[in-house]
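See below for the structure under consideration.
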Amino acid sequence: MEESEKSSTENDPARPWQSYNTVYTIAKAGMEGVDKEKVQRIVYEMSKGSKYFENEEKKEVYMKQKIESMRAQLAKLTAVDISRYQKFADKRIVELEATRDLSRIWLHVDMDAFYAAVETLSDPSLKGKPMAVGSMSMISTANYEARKFGVRAAMPGFIARKLCPKLIFVPTDFKKYTYYSDLTRQVFQRYDPNFLAASLDEAYLDITNFCNEKGMTGAEVAEELRESVHKETGLTCSAGVAPNRLLAKVCSDINKPNGQFVLPNERMAVMTFISSLPIRKIGGIGKVTENILKGIFGITTCEEMLQKSNFICALFSRTSADFFLSVGLGLGRTDTPQVTQRKSMSNERTFSPTDDEALFLQKLVDLSENLASDLKKEGLCGRTLTLKLKTSCFEVRTRAVTLPDNICSSEDILKHATKLLKAELPASLRLMGLRMSHFNESKKGVASDPKQRTLSNFIVTEDASGRVSESNIYDDNTLSIDRETSFSSDAHAPCESFDFMDTHQMLDVDPTDKRHGRDEAETGVDNHDVVRDAANPPYPIGAGEVVVRDSSPGLLEETSLDLLGRVVSCTDEEPASLLNPKEPFFWLNDYQCSVCGIELPPSFVEERQEHFDFHLAERLQDEESNNLNRVLKPKQRFTHKDQVSESRQRKKQKASPSDGKHIPIDMFFAKTSQNF
DNA sequence: GGGAGAATTGCTG
DNA sequence: TTCCACAGCAATTCTCCC
């Protein structure tokens, strides 16, 4: 269809589904002959009116606003600006061209409909029938028979069934897929001992040495490798051979399934190949980036990246622009990256939308335990804990806290996660997740800086000598040295980072894979236990409870509250030094702070506790430093912190898409710079 | 005001 | 009835300190 004709029908109000591209894409192999209009209509009708659909519409609106905004920026460029950017772009293109390396031969192997093929091997009766691996909620893979109906990965099962009523669902079985994946990797290893596994069903091989040693061409090696895979696993795969990884991946998709495509290591061949290649075929360019490039510049092919290079340089960041120009030149990575260390670990669970806070807490307990368990398996501890929430309207929120020291115990994770969650309640949620990052780092310098405080760090602890000292609620300074020395620095030394496609191989860590597996013995000791001891919270935390302190006048009890701040139990005794401040501290009329006068209603349990701790810490600090004459102006300081907290709250509310948040331009291109 | 670090969001596979 | 899980990374914004 001609472009003009296509765009006119896409705006047809009688066919609203034509602009709804949430799931369907022609980019997927095996879907070339699908009736796109029919599939789009069914997907649209099945989705219309749902919360998911509404959220997708919101996202669509933001994207259009962004395109308009960038178009406006573009329109403001003067002739002088354009000329200046053209010079800059030309220079950059020359510099990038100079990095071109045609000396390597890369092969990308992609197993055909891997999960579905494995399931068919296990149950041959599935052969020839439309089948999908997954559930009514989500499909992981569909076989080629199902793809003829428009069924594809990342599509909800209930829509897939509507598209193909005879569709057979098979639940995922990762043990099975891992087994077959290992078999394929045994083959890959023979061709490149340092191959890069991108996922269970994809790998990059540098076959340069193999070709030279055997006197074979890339095409011959690809042919032989595919035959070996089929012979040893019963599964078929497709291959792409090219001078770099980016192009090899594109090539492997061309003759799918069970085929291969070879791009010669010649500049002219590469430029010809890339000239008409749709940008969406490039790894790293997804729906959003495609729409932006098309919407602003009319770019649909890689070649056009170069034609619009001046505008690209004018509107995008250096990294994004470099990526786009590299795509236009057909450049990609040719090196074999070093093994890198995992940067984060997370787990998340989707559930039926609910506002049941008891359920949230239980989910948080489960997530904390799972995360702690996973961390322990790899001997990791982290400093930054991120809580991810998805509301029943599909709005995703993340809330993070960075601690001065590493944590990894489920108790610590739960403690901090609960704090993060409480600040978001009440809420109706459908997903909760926890992510740990900043592994095995320490931030002593900053954290121990008494001048650098946060609202929540005025907590008083007592060390082994009985000396009371101020420490951060997130800090466990007394054992920090032990903790630091308990790790093998080698085991966690940062390694050279590499591109996105390469990092993916690291995600599928195979303990038997010497390139990716981590020997737990590397870490030497059971760090988990060390840290758990070290990180004993100043106040004991009971499972499923958030422990806070009630600051009733003259009687400071430790009280366990649920997420709403309701009292559920009273537990441990308070250290004497904390229980006996020299001056009474209480809430006037159960509302107003007797020290600084700030008003905090009884329902602000956590805030009142922090406020109390703040005053107490100040007092003890004064006593310790024998500087009783120092005027702390607590009200000012607290007010400032309070304002900070409030401002953050306001920011959070503002950040809600429903409040019209403005998405930064380059967030659309966050990923794009990683693939070349 | 500038720099560093943290928090947050979004894209991508 | 029903739209995943996970990880990496870029960019922006905010906060705090000097």
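Proteins get letters first, then strands, A, B, ... in listed order; numbering begins at 1 in each.
- Counting only heavy atoms from C-beta on, A:T319 has its side chain closest to C:dA11 among C:dC6, C:dA11, C:dC3.
- Here A:R399 reaches the OP1 or OP2 of B:dT9: one of its side-chain N or O atoms lies under 4.0 Å away.
- Between C:dC6 and A:S346, no contact under 4.0 Å exists linking OP1 or OP2 to a side-chain N or O.
- Of the side-chain N and O atoms in A:R397, none sit less than 4.0 angstrom from OP1 or OP2 of B:dT9.
- When distances run from any side-chain atom of A:V401 to the nucleotides B:dC11, B:dA7, C:dC3, the shortest one goes to B:dA7.
- Rounded to whole Å, the distance from CZ on A:R245 to C1' on B:dG13 is 15 Å.
- In this structure, A:K287 places its NZ atom 8 Å from P of B:dC11, rounding to the nearest Å.
- In terms of phosphate contacts, A:S320 brings a side-chain nitrogen or oxygen within less than 4.0 Å of OP1 or OP2 of C:dA11.
- As rounded to whole Å, 15 Å separates atom P of C:dC4 from atom CZ of A:F174.
- Atom OH in A:Y115 sits about 14 Å away from atom P in C:dA5, given to the nearest Å.
- Note: A:F195 and A:Y204 fail the aromatic proximity criterion, with ring centroids not under 6.0 Å apart.
- Every residue meeting the side-chain contact (heavy atoms from CB on, under 4.5 Å) condition with A:P278, not counting sequence neighbours, appears here in chain and number order: A:K281.
- Taking a cutoff of 4.0 Å between a charged side-chain nitrogen and a carboxylate oxygen, A:R342 and A:E378 qualify as a salt bridge.
- A:M46 comes within 4.0 angstrom of nothing in the nucleic acid, heavy atoms only.
- Looking at heavy-atom distances under 4.0 Å, A:R435 makes contact with a base.
- Put simply, CE on A:M111 is 21 Å from P on B:dG13, counting in whole angstrom units.
- The side chain of A:T398 sits closest to B:dT9 out of C:dC3, B:dA7, B:dT9.
- The existence of a salt bridge linking A:D366 and A:R349 is excluded, since no basic side-chain nitrogen approaches an acidic carboxylate oxygen closer than 4.0 Å.
- Rounding to whole angstrom units, CD1 of residue A:I159 and P of C:dC3 are separated by 9 Å.
- When heavy atoms are screened at a 4.0 angstrom cut-off, A:K390 is found touching the sugar-phosphate backbone but no base atom.
- Here C:dC3 presents its C1' atom at 17 Å from CZ of A:R349, a figure rounded to the nearest Å.
- Proximity of A:S344 to the phosphate of C:dC6: no side-chain N or O atom is located under 4.0 Å from OP1 or OP2.
- For A:A154, taking side-chain heavy atoms from C-beta onward, the closest of the listed nucleotides C:dC4, C:dT2, C:dC3 is C:dC4.
- Under 4.0 angstrom from either OP1 or OP2 of C:dC4 there lies no side-chain N or O belonging to A:S135.
- Salt-bridge annotation for A:R397 and A:E395: present, with a side-chain N of the basic residue lying under 4.0 Å from a carboxylate O of the acidic one.
- Nearer to the 5' terminus of DNA chain C, by closest-nucleotide assignment, is the contact made by A:L431 (compared with the other of A:L431 and A:R318).
- Using a cut-off of 4.0 Å between Lys/Arg side-chain N and Asp/Glu carboxylate O, A:R71 and A:E68 are scored as salt-bridged.
- The side chain of A:R342 sits closest to C:dA7 out of C:dC3, C:dA7, B:dA6.
- The distance from atom CZ of A:F351 to atom C1' of C:dT2 is 16 Å, rounded to the nearest whole Å.
- Comparing A:T386 and A:G286 along DNA chain B, the residue whose closest nucleotide (by nearest heavy atom) sits nearer the 5' end is A:T386.
- With C:dA11, B:dA7, C:dG8 as the choices, the nucleotide that has an atom nearest any side-chain atom of A:S317 turns out to be C:dA11.
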Would you mind writing out the side-chain donor-acceptor pairs for residues 164-174 of chain A within the sub-3.5 Å range, not counting sequence neighbours?
from   : atom 1 : to     : atom 2 : distance (Å)
A:D173 : OD1    : A:K175 : N      : 3.4
A:D173 : OD1    : A:K176 : N      : 3.4

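- Using a 4.0 Å heavy-atom distance criterion, A:T350 is classed as a sugar-phosphate-only contact.
- Contact annotation for A:I139: no contact, since no heavy-atom pair falls under 4.0 Å across all strands.
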